[in-house]
Amino acid sequence: MNTLSNEQAVLQVKDLCIAFPTQGGGRKEVVSSASFSLDHGEVLAIVGESGSGKTMMAKALLGLLPGNGFVSGGSLSFEGRELSQFTNDQWQTLRGQKISMIFQEPMVSLNPTLKIGFQLCEAMRYHTQASEENIKKRAIELLTRIKIRDPESCLEKYPHEFSGGMRQRIMIASSLMMRPQLLVADEPTTALDCLVQKEVLDILLEMAKAEGTALLLITHDLGLVAHYADKVLVMEKGIAVERGEVSTVLENPLHPYTRKLLASLPHKIERPDIIEARENIVSLKNVSVDYPIRRPWFWQQQQFTRVLEDINLTVKKGETLAIVGESGSGKTTLGRAILQLTEVSEGTITVKDITVTGDKPPGFRAMSKVVQLVFQDPFAALSPRQTIGKIIAEPLRLTNTLSKYDIEKQTLQMLEDVGLPIHFASRYPNELSGGQRQRVSIARALINKPELIIADEPVSALDITVQAQVLTLLDKLKEKHGFSCIFISHDLAVVEQIADRVVVLYHGKIVESGLARELFSRPAHRYTRRLLEALPELRARNEHSYQLYKRQHTDFMFPAGYTDDDSASGTRCFYQLSDQHQVACQKELV
Amino acid sequence: MKLAFSQMITSLKGNALAGYSILFIVITTSLLGNLFSPYDAVETDFLNRFSSPSLSHWFGTDEYGRDVFTRIAEGTFTSLRVSTAAVTFAIVLGALVGAITGYFGGWLDRIAMVIIDSIMAFPGLLLVLGIMAVLGPNEMGIIISLGIAYTPSITRIVRGTVLSLREKEFVEASRLLGNSEWVTLFSHILPNCITPVVVISTSIFTAAVLSETALSFLGLGVPPPAPSWGGMLADSRNYLGLNPWMGIFPGLAITFTLLAINLIGDALRDKWDPRLRTLQEETP
């Protein structure tokens with residue numbers, strides 16, 4: 001990256017402060033004295049948790065500070081021009097032309113009522129005199145480079161015809177139309193699955209390097225930073241605590257906050273094997289789930305789409321089973337089927353000797369002491385108008401056998417168990433942070449001492465340090481209360497930390513299952529391998545020193561007659577690698 | 001206590017403060033007028049017909065020599081009492097129907113929505129007149145007919161809110177804990193509908209006050225000689241050239257009361273309506 005270093009830096013930020021006026025006439029600083037510089041073709045990552053001011057900084061670079069926020073000090077110099085005093089008119093000549101931005105949510109950042117072609121060409125029409133023909137040529141060139149199928153017809157399509165990953169690629173193309181000097185990407189892949197994330201980021205980086213565009217990547221994911229960025233700036237509560245070359249910072253993080261972030265990364269923990277003889281808490285036999293599709297006309301036959309097909313699995317007492325897959329793989333449906341929230345069309349589900357499928361399901365109340373759910377979104381899972389104490393105590397009050405005193409005693413004990421101070425009992429959910437709410441959610445699920453907890457992406461909405469705390473808490477509680485857990489997640493790094501056994505789902509079918517240790521070290525199915533290889537991961541070399549770890553797995557050689565290629569003809573079966581580890585494959589017809 | 005009050009005053013923004021002050025003045029003057037006026041609202045005094053405002057008759061007198069101030073004071077009470085009762089009726093009925101149809105759905109929902117839609121298809125006042133023709137022109141009749149006329153807007157708001165809340169995870173959590181559907185509905189969903197209901201209620205309240213006035217203007221309100229704003233306006237029509245004060249003061253009373261309620265309604269909306277709140281939340 002040193003070829004262009006003699007030239008002036010594209011972006012030079014010195015002691016930047018951003019503040020919002022407060023009601024009393026004072027001001028509240030959300031970013032205080034951040035400094036960094038960015039050269040052509042360089043990738044700088046800004047890392048921080050929510051509330052660290054990283055998004056505010058990005059918005060200041062585009063003159064898009066929300067409300068009455070303003071740059072209260074320092075300088076922002078872009079190609080030698082001072083941006084902090086820019087007027088709206090001056091910003092308009094810059095935005096979209098010299099500086100452009102990619103947003104987090106691909107589903108809403110393209111206008112659904114306008115054709116892709118129009119949205120791609122808009123900025124260029126506005127800023128340049130280029131002929132219609134040249135603009136279109138440029139658009140097609142970029143669409144080709146983002147590897148979109150049939151770029152010419154793509155111009156005439158509408159955003160809803162593309163998936164999230166494709167839309168984010170189109171956003172990349174549209175932001176690079178004008179050959180900007182600086183591209184700001186604010187959590188560009190946070191909403192995407194890990195395979196898609198890898199594709200999108202690879203394309204983004206490739207194109208930014210090819211065009212010589214400096215890239216400011218804002219993210220909370222240290223793995224991505226290690227994989228893609230040249231330099232990194234770590235932010236904590238509006239203060240830049242550490243900056244430097246990525247490899248230096250990772251190898252030798254100096255600031256305690258950076259160390260804390262790195263230590264919070266999910267890491268592998270050695271677990272004792274679950275003894276085979278233990279009783280089964282849950283078992284699924286040939287379970288399939290169908291969802292009805294909307295009928296175009298009422299006289300037509302009702303059509304169904306199969307979201308889960310022929311699922312067989314068991315969870316043993318005290319075991320954590322992780323269900324892994326990308327969005328749409330049916331992993332959430334699987335959890336809901338066990339909870340009776342989704343109707344099962346074939347097969348049987350047994351939870352602790354109670355069959356929950358069939359003509360006479362036992363109902364929620366009968367099962368509420370056996371299985372409980374921990375939700376993904378801690379903000380939606382708690383009723384906003386009940387106090388924390390009431391929320392946690394509700395399952396107890398339903399049982400009708402305990403005295404008021406006992407209920408209160410157990411509630412406070414539970415609050416203590418999940419690491420919350422007891423005076424929280426009188427608070428309302430909106431006074432709590434995301435991590436604290438998730439603790440409340442866990443407390444509510446555990447208070448009746450169920451045998452099974454189904455945790456549906458319980459940590460994916462949380463910041464990384466909070467995530468680490470919640471995972472530790474889950475482990476601690478499991479030790480104390482001895483429940484089994486079905487842990488549904490898309491994040492393989494988290495799964496490797498917490499799971500005893502793993503089941504990989506793909507398009508509603510199990511492709512591979514086995515002990516976490518075996519599956520992670522010797523993935524057999526090509527889909528599992530791709531998932532694992534798409535995972536940018538940091539591994540500790542020794543205390544306070546980390547390096548990027550890229551998984552490389554050799555292809556598993558199936559015996560003759562078997563293949564893991566789903567498109568191959570043949571019958572689907574499972575191949576046993578060991579008594580715990582099996583992989584789906586096609587047995588060729590002879 | 002004093003501190004809490006002054007804090008309450010400073011926390012109110014300009015419009016809300018104006019609204020609450022006007023309403024406070026309207027209510028206290030009508031209260032004082034009711035309690036301490038030396039005159040009777042219905043007793044006639046033919047020696048003092050059509051007098052202009054003076055020290056003895058602040059707002060003048062009408063064609064029977066009755067004190068206009070006393071009559072307005074009493075009419076204010078009647079109006080506010082009837083409107084409050086009608087809005088309460090609408091809230092209770094509307095919230096109940098909206099919550100049940102929104103939560104349980106199915107054929108019940110479809111039938112209820114057809115009824116609600118057909119009620120909404122009538123012009124409001126016409127519907128009220130129709131129901132009153134059945135119930136008779138007395139206070140109970142006005143309350144019930146106004147209540148029925150305003151039920152659909154509450155039902156729609158509550159049903160919409162319940163439909164979106166029904167999919168929330170805390171509702172699912174409540175069902176998983178073993179709560180019955182009714183408990184889930186009344187203890188977890190309905191409390192979260194309060195905000196939109198309060199916001200819409202203030203605008204319904206304004207409309208109810210106006211409708212009540214219109215009804216008594218048409219002679220369908222509280223039966224004469226009991227005073228009412230609309231009735232006083234109607235009486236003044238024939239004497240506007242002779243004594244304009246008869247019409248001006250009831251008109252001002254209506255205007256100021258409605259202005260106050262609207263200002264308070266706007267303030268409540270600014271404070272509670274989630275759709276307006278997002279803009280302010282972006283700034284930390």
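Naming convention: chains lettered A, B, ... in sequence-line order (proteins, then strands); numbering from 1 in each chain.
- A:Ala381 approaches B:Glu169 most closely through the heavy-atom pair CA-CB, 4.0 Å.
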- Task: In sequence, state the C-alpha distance, the side-chain angles, and the governing distance for B:Phe170 and A:Gln386, and then conclude on side-chain contact (heavy atoms from CB on, under 4.5 Å).
- Result: CA-CA 11 Å; B:Phe170 68 83; A:Gln386 283 189 322; over 6 Å; no
- Message: With side-chain contact (heavy atoms from CB on, under 4.5 Å) as the criterion, how do A:Leu339 and B:Glu172 come out once you've worked through the C-alpha distance, each side chain's angles and the decisive distance to 0.1 Å?
- Response: CA-CA 11 Å; A:Leu339 291 159; B:Glu172 209 150 73; over 6 Å; no
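- Of the two parts of A:Leu65, neither the backbone nor the side chain holds a non-hydrogen atom closer than 4.5 Å to a non-hydrogen atom of chain B.
- Taking all atoms of both residues into account, the shortest heavy-atom contact from A:Leu398 to B:Gly178 is CD1-C, 4.2 Å.
- For A:Leu382, the part lying near chain B is the backbone, with the side chain staying farther off; criterion is any non-hydrogen pair under 4.5 Å.
- In this structure, the portion of A:Arg336 lying under 4.5 Å from any heavy atom of chain B is its side chain and not its backbone.
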- Start with the C-alpha distance between A:Leu341 and B:Leu176, add both sets of side-chain angles, then the distance that settles side-chain contact (heavy atoms from CB on, under 4.5 Å), and finish with yes or no. CA-CA 9 Å; A:Leu341 288 168; B:Leu176 282 174; 4.2 Å; yes
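- Options A:Pro450, A:Pro384, A:Ser368, A:Ser383 differ in how many heavy-atom pairs under 4.5 Å they form with chain B, and the most are formed by A:Ser383.
- The CD1 atom of B:Ile194 lies 5.0 Å from the CZ atom of A:Arg385; values are rounded to the nearest 0.5 Å.
- In B:Phe24, the CZ atom is not crowded: 12 or fewer heavy atoms of neighbouring residues, nucleotides or ligands sit closer than 6.0 Å.
- Residue A:Glu343 qualifies as open at atom CD: its count of foreign heavy atoms under 6.0 Å is 12 or below.
- Counting non-hydrogen atoms of neighbouring residues, nucleotides and ligands closer than 6.0 angstrom, the CD atom of A:Glu408 reaches no more than 12 such neighbours.
- Other residues, nucleotides and ligands contribute only 12 or fewer heavy atoms inside 6.0 Å of the CZ atom of B:Phe122.
- Counting heavy atoms of neighbouring residues, nucleotides and ligands inside a 6.0 Å radius, atom CZ of B:Phe256 does not exceed 12 of them.
- Taking the side chain as every heavy atom from C-beta outward, A:Arg444 and B:Leu177 approach each other to under 4.5 Å.
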